[in-house]
Participant: 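Supplied in structure tokens, the structure appears directly below.
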Amino acid sequence: WVSQLSWANDSWSQPLDAMRLVPGCDATAATLGQIRVLLVLLPHDREVPLLVFDAGYDAIALGRELAGARVEVLCPIRDDRVF
């Protein structure tokens, strides 16, 4: 799911995109594809978009693949991650 969240003190969100992953699909590649489409659609004269993920995503891969893109990424690192 790709959803727009507001800074208002409420629980509303606006779904922008949803994708059903088939078995064997690379979830990180699918996520990056959704992000790249979203970045093309967003206006470039506003704030830099902040993308927030949960710990189930590969933060290192997302950061590497989005290096140089006009986007900020916030992704917690799983507690069992080893560096």
Side-chain angles (χ1 to χ4, degrees):
W1 286 90
V2 177
S3 296
Q4 178 180 350
L5 304 176
S6 71
W7 293 105
N9 189 15
D10 60 26
S11 61
W12 289 96
S13 63
Q14 178 180 356
L16 301 174
D17 189 21
M19 178 185 293
R20 182 179 300 271
L21 299 179
V22 297
C25 178
D26 181 357
T28 301
T31 301
L32 289 165
Q34 284 183 294
I35 292 169
R36 289 185 178 113
V37 168
L38 176 66
L39 292 179
V40 170
L41 299 175
L42 293 176
H44 294 282
D45 60 345
R46 299 221 178 132
E47 296 93 12
V48 175
L50 171 64
L51 304 178
V52 181
F53 299 90
D54 64 24
Y57 288 88
D58 186 347
I60 306 303
L62 290 173
R64 181 182 61 241
E65 294 296 324
L66 293 172
R70 188 179 175 275
V71 65
E72 295 177 346
V73 175
L74 177 64
C75 186
I77 298 175
R78 294 182 6 208
D79 63 354
D80 64 344
R81 180 77 190 237
V82 177
F83 292 94

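All figures in this text were calculated on a predicted structure; none of them were measured in a lab. Just so you know, residue 1 is the first one in the sequence shown, and it goes up from there.
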Participant: Check residues 61-77 and write down every donor-acceptor pair under 3.5 Å in which the side-chain atom is one partner and the other belongs to a residue at least two apart or another chain.
Facilitator:
residue	atom	partner	partner atom	Å
Arg70	NH2	His44	O	3.4
Arg70	NH2	Arg46	O	2.3

Participant: Can you pull the salt bridge (charged side-chain N to carboxylate O under 4.0 Å, His left out) pairs that have at least one residue in residues 18-33, sequence neighbours excluded?
Facilitator: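 Counting only pairs at least two positions apart or across chains, no salt bridge (charged side-chain N to carboxylate O under 4.0 Å, His left out) contact touches residues 18-33.
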Participant: For Arg36, which residues count as a side-chain hydrogen bond (donor to acceptor under 3.5 Å, both in side chains) partner, sequence neighbours excluded?
Facilitator: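 Testing Arg36 for side-chain hydrogen bond (donor to acceptor under 3.5 Å, both in side chains), a comparison that skips the adjacent residues, returns none.
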Participant: Tell me every residue that passes side-chain contact (heavy atoms from CB on, under 4.5 Å) with Leu38, counting only those two or more places apart in sequence or in another chain.
Facilitator: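 Checked Leu38 against side-chain contact (heavy atoms from CB on, under 4.5 Å); matches are Val2, Leu16, Leu42, Leu51.
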Participant: Hydrophobic side-chain clustering at under 4.5 Å (ILVMFWY, transitive links): who's grouped with Leu41? Put none if nobody.
Facilitator: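 ILVMFWY cluster around Leu41 also holds Val37.
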Participant: Do other residues, nucleotides or ligands put more than 12 heavy atoms under 6.0 Å from the CG atom of Asp45?
Facilitator: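 Buried by this count: over 12 neighbours within 6.0 Å.
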Participant: Residues two or more places apart in sequence or in another chain: which of them pass side-chain hydrogen bond (donor to acceptor under 3.5 Å, both in side chains) with Asp79?
Facilitator: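 Residues passing side-chain hydrogen bond (donor to acceptor under 3.5 Å, both in side chains) with Asp79: none at all.
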